[in-house]
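Worksheet: the structure to be examined is printed underneath.
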Amino acid sequence: MDLVLQLLFTGIGIGAVYALVALGFVLIFRATNVVNFAQGEFSMVAAYLMVVFSVDLGWPYWLSFLIALAGMALFGVIFNLGVYYPLRHRTYLPVIIATIGASILLSNSVLAIYGPQPQVLQGWFDTPGIQLGPVYLDSQYLLIIGVTILLVLFNFWFFEKTLLGKKLQATSQDKEMASLLGISVSTMIMITFIYSAVLGGLAGILVAPVLFVSIQMGSTIALKAFAATIIGGFGDVAGAIVGGLALGVIETFGAAYISVPYKDGFAFLVLIAFLVFRPQGIFGERVAEKA
Amino acid sequence: MSASDNMIPAPAVRSKPLIIRHLPYFIGAAVLVALAAGMRFDGYILNILLQATTFSIAVFGLSVVLGLCGQINLAQAAFFGFGAYAVGLGTADLHLNFWLCLVGGCAITLVAGAFLGMSTLRLGGHYLAMVTISFQQIVTLVMINAIGVTHGPDGVANIRRPELFQSSQSYLAFCVAMLAIVGYLVWHLPDTKLGRAMRAVRDNELAAGVNGIDVFRTKVSAFAVCAVLGGLAGGLFAGGFAYVSPDQFSFAESIQFLTMSLLGGVASPVGSVIGTGLLILIPEWLRFLKSVPGLYLAIYGLSVILIIRFMPDGIWGFVSDAFTRWRAHTRAPPVAGALQLKPATSGGDIVLEVTGLSKHFGGLKAVDGVDIAVKRGSVHALIGPNGSGKTTTLNVLSGLYKATAGRIVLDGTDITNMAPHQRTAAGLGRTFQNIRLFRSMTALENVEIGAERPGNTMIGKGDDALTERAMEALTFVGLGNRANELISSFSYGHQRLIEIARALASNPTLLLLDEPAAGLNSTEKLELHELLKRIAAQGLTILIIDHDMTLVSEAAQHITVLNFGRRIADGESMAVLRHPDVVSAYLGSE
Amino acid sequence: MKLTRREFSAGLAAGLAAPALMRSAWAQGATIKIGMCVPVTGPAAEQGLWAQNGAKLALAAVNKAGGVLGKQVELVIEDDQTTNPGIVLAFSKLAAQSDIVAFLGSIRSTQVQAMAPDVIKVGKPVMIGGTNPDLTHSGNPWLFRFRPNDNYSGRVIADFGVNTLGKKKWAIVHSTDAFGTAGGKALSEALTKLGAPPVLDQGYANQSQDFTPVVLAVKQSGADVLGTYFTFENDLGIFARQLRQLGVNIPWVGSPSVVAVSSTKLAGPALFNTYGVADFAEDSSDAAKAFGKAYRDAYKTAPDNQSAWPYDAITILSAAINKAGSTDPNKIRDAILATQKFAGAEGEYNFDKNGDGLHGYNVVKNDKGKIVYDKHIDFND
């Protein structure tokens, strides 16, 4: 039982990481119908920004944190203008490939600038964790889980209760109709990219103290997050969260009770199973295409 | 029109025997093979050439699945690995014959490719991308962890080559010969029935379906062909380098294959060779950038973005597009006879009988219990304000949506549960509100796809008959003299006419026209009206969906009116248009 | 007199200048070239940089001492991109330059395996750092290893744990890549020979984000000592932290990555009091100390095994060519194989007939973040 609880905590913790990154995927997908293969690199870039500000320049943690997120917002703008916007009238395929190109460009630019050594980034808390009965709770994972819950609430409030959120929703559901109603579609897409970059960045900064800051940190998480989005149902915010958590738990228990080396395989097996038997995911995406 | 016709890329029959027309290609290939065998290379050049040659064959596969069929495959390195491990394990561990292993590897990849292709049944686009990535990751994990079989990360060493090609030079020559043969087949694939089907699926899956193409089988075939080429390439690679290990077949390699394909031009094997060659050579040329780690790959990533942005069809696409445009203006299309329309008449007086048709999206009843009866030889119109459910009805009729309830009978055949391409075979032809032509093809090729409809009694055997029929249809709509031009060079109104010609070439029993007048100017509308009269004169039944009242009232004898998914009026044109409910639906509720 | 004196001074000047002139002319016109395949890009670019540093340091020393066969030595570097096809191309590119007399290959065993067929074809000596025992045991006469192979690391870990620490219940955790699998196997075999077969043999995939299941498996196995083969430092860092968090504090003896500079930095206190085998330990010998000092002076950072083996390889290769008196590959080969009792940074080199130079490891300890030398264990076979 102790074992199960410990695994459950870890699974939820790592699952929350997937969920955070998955959220960024879903937002961009809903707005543009495109999967952003560079989403993981958003997290990586933010973690490195954090290293620059907080470790290299020695600025206070909270200041570095805010500036890094602001930097990510700017990054979202640049990414949209450089990668998505010029291709917005083309099919999904060129855009997917462009984002793959962007992912290669980003990770290797960081490599060129910062070198290949993994970096250490301190967490928000000084205490590494707390022992709760038989279960050890890593403080950074607790923070990640907490932030994930907050974000779910925030997203609900933002998309359901604010005008901007509703406009974003309208845009993601029907671009033509939205533009007829006087919503600037390109502005909405820009806002989506900014928000998604900030979210991805937040995930990167939160996870860096656990996984260290390295060039590959984003791509490994992104693939899992990607699987999580599909399991949850593409285009659904709640689905991304549930999918991420489910994947984290499945993976951890699969590793513990079936096979550690094949751990990464569970994610993809579950994914394929979902794609074949329930492609609309747990929550379901309207798959009907307009003729 | 059996399955086997679809699977085997049979070369087209043209005026001169193919072998003679393509003699220059074979001579060129022979010269290359001789050079590969005879020239003295040092080990470095030899390795580069061997790598470029085998990789090119794998990239050919992508030019089929991505270029021809428009499906993304991010697992080509996995197939490449299958072939490589088949040859590696087979010759090194089991001491089997090289050829046996090569063929065995291809067979395994064929099955695996078809299996992966099956997932396209329900998935497209980003889902497919994800499935192929997952497949790739699982294959890599198995290669690493199934140590008992694959030797794990140690890889397989001491892979043997065939007795005949023991020296590196002769083996290279052999690989170049394989490249030439496979290249030839892939080059001609687009001109075969299967190739045309793939192009149609790529350009517009919906239109392909309603024009009689089995979209699913076409996609599976494309994946299978792609996988086999990957496997063949992998087998040759293993023989060439004598050592394989899992990291050579990772996701990163799949991305590299994809980039090679895109850089050179995804639509043609020539592009594949150019792209592969460049991406193998460029890193070698740019080795001076090595002083800063990551710089080279950063430039590589940037180039991918720029290529996609500015050279969407790759290097070869850029060159050949210019050439095609130039040739279209110089090559005069053949003269065609008059189009004969002979709609089948197996059923009774009512060609299309729709009873109680419903289509619900969740709680929304887009179409709710609609009845329509279209008389043979008539022009029937289905009208209604925006959002009334007309287009949904049409989509249910042509099979793009599955009916929630109700029955559709076409000329005595119940087509309610048929797939789009089966309905087309049963005699349904349609056009789309927002034009869905195969944009990368010429007008003639578009119409040929329509003419190829299974069960089209109006064409004889062979490609010449197909071309003739397509030319007749194009001439019928007045565009015969521009048959060899690409779709992009036609005006909107003319594109609409080509779409109608495509439907006519298939000699349908019933022609569905979805808002044919949308976006046309007044002259074009007049031309369209004339065209509809000429079609109706040949006895073809037409069902028009439109809200252009002039066109509808002049062309149609019979009108059905929908509003909020329900039928509110039905009957003779003039009477229906004066019906108070119809007037209020159009004017009152605004 | 005047004239004679002028003649005399001119003659003297010429006589003094001539050898110097000649030497510099030689140095410019003809150098001895050594090729080096090293990751400049890809996941191991970091390690590649250290390897280059080590090689260049040795090169500078060799050249300062007069070079090889009276010529300056030049290093020709090619990027192997950390991939197998990459190193095949890099090596064949170097091999195509006929004036390169010998090569430095990779520290990665699979890369060495990938290039091995070409090495046989080229027929020139290649110094390697890959530790898979098979590399020098499969009949390739041109591979010379400058690190102890994995059989020795496994034997040393087992010997140290069983005989020095007195622990018999072993848990083994290893990466499922080539290095980890071979190492785990060697350790397991060595333990079985010592009469202490492992109670847990657990593999994991590289770049795992979480090691909780592995740690819990170790915890549940009831092992009283842990032996590890980790490939990547960030994996090791995550594992070490989670191990301590979940309360596993048994002694830990691991492969070199446990005591690598960057693991120490990443894992912090979680790695305190662990032992690692290290082919390079700065305090293990005077030669190692000298190398450490020179490396620090040159690069302002502590050296690592990644830089120590190329340093030794260049040093021994240069000495061997000098001893052979020629660049004939066979003569160089004989001279390398004849190298005995050579004190290098990695240890004492006694080349055996297979081309293995080292036959033992240092055991070092992480003492509050400082790596201190504990003992050296050598085998004779």
Side-chain angles (χ1 to χ4, degrees), chain A residues 25 29 33-38 82-83 86-87 90-116 215 219 223 226-227 229-230 234 259 261-265 267-272 275-277 279-280 286-291, chain B residues 66 70-72 74 118-119 121-131 133-138 140-142 144-145 205-206 251 255 258-259 262 292-310 312 361-362 391-392 394-395 398 400-401 432-434 436 514:
Chain A
F25 267 127
F29 176 76
N33 253 317
V34 156
V35 172
N36 176 19
F37 276 79
V83 181
L87 302 174
R90 308 256 292 272
T91 60
Y92 73 95
L93 201 61
V95 189
I96 284 185
I97 292 158
T99 60
I100 292 175
S103 139
I104 300 172
L105 170 65
L106 287 172
S107 53
N108 286 286
S109 302
V110 173
L111 176 68
I113 296 166
Y114 223 84
I215 308 293
S219 48
L223 266 181
F226 209 171
T229 45
I230 291 185
F234 239 115
S259 159
Y262 282 101
K263 191 179 102 175
D264 292 342
F268 298 113
L269 274 182
V270 171
L271 175 70
I272 287 183
L275 285 171
V276 173
F277 298 110
Q280 68 273 43
R286 281 264 303 273
V287 263
E289 193 187 344
K290 285 178 188 151
Chain B
L66 183 65
Q71 305 301 305
I72 195 161
L74 290 170
M118 307 262 248
S119 65
L121 175 61
R122 296 169 66 171
L123 307 163
H126 43 275
Y127 289 99
L128 187 58
M130 198 59 224
V131 176
I133 292 177
S134 306
F135 178 78
Q136 166 76 54
Q137 300 284 0
I138 291 173
T140 304
L141 277 173
V142 170
I144 292 175
N145 288 306
E205 214 170 285
L206 288 176
F251 179 49
I255 297 283
L258 187 70
T259 318
L262 288 165
V292 183
L295 188 58
Y296 160 71
L297 281 172
I299 292 174
Y300 171 72
L302 185 63
S303 325
V304 171
I305 301 176
L306 294 178
I307 291 166
I308 286 291
R309 169 87 173 78
F310 295 107
F361 296 105
T391 298
T392 308
L394 190 73
N395 285 336
S398 56
L400 298 178
Y401 293 160
F432 292 87
Q433 180 185 339
N434 42 352
R436 290 176 180 270
D514 186 4

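First the proteins, then the strands, lettered A, B, ... as listed; each starts at 1.
Comparing B:I305, B:V304, B:L66, B:I133 by heavy-atom pairs within less than 4.5 Å of chain A, the highest count is held by B:I305. Per-residue heavy-atom pair counts under 4.5 Å with chain A were compared for B:V142, B:T259, B:T140, and the maximum is reached by B:V142. Among B:L258, B:L74, B:I308, the residue making the largest number of heavy-atom pairs under 4.5 Å with chain A is B:I308. The candidate with the highest count of non-hydrogen atom pairs below 4.5 Å against chain B, out of A:L105, A:V83, A:I104, is A:L105.
With contacts defined as side-chain heavy-atom distances shorter than 4.5 Å, the pair A:F37/B:I255 does not qualify.
Proximity to chain B (any heavy atom under 4.5 Å) is shown, for A:I97, by both the backbone and the side chain. Of the two parts of A:L223, the backbone and the side chain both hold a non-hydrogen atom closer than 4.5 Å to a non-hydrogen atom of chain B. Looking at B:L262, the atoms closer than 4.5 Å to chain A (heavy atoms on both sides) all sit in the side chain, from C-beta outward. Using a 4.5 Å cut-off between heavy atoms, B:I144 does not touch chain A at all. For B:L306, no part sits under 4.5 Å from any heavy atom of chain A, backbone or side chain.
Here the CG-CG distance, from B:L302 to A:N108, works out to 11.5 Å after rounding to the nearest 0.5 Å. Considering CG of A:L269 and CG of B:L141, their distance stands at 9.0 Å, rounded to 0.5 Å. Within the model, atoms CD1 of B:I72 and CD1 of A:I100 stand 6.0 Å from one another, a figure rounded to the nearest 0.5 Å.
Every residue was checked against the ring pair (Phe, Tyr, Trp, His ring centres under 6.0 Å) condition with A:Y262, not counting sequence neighbours, and none meets it.
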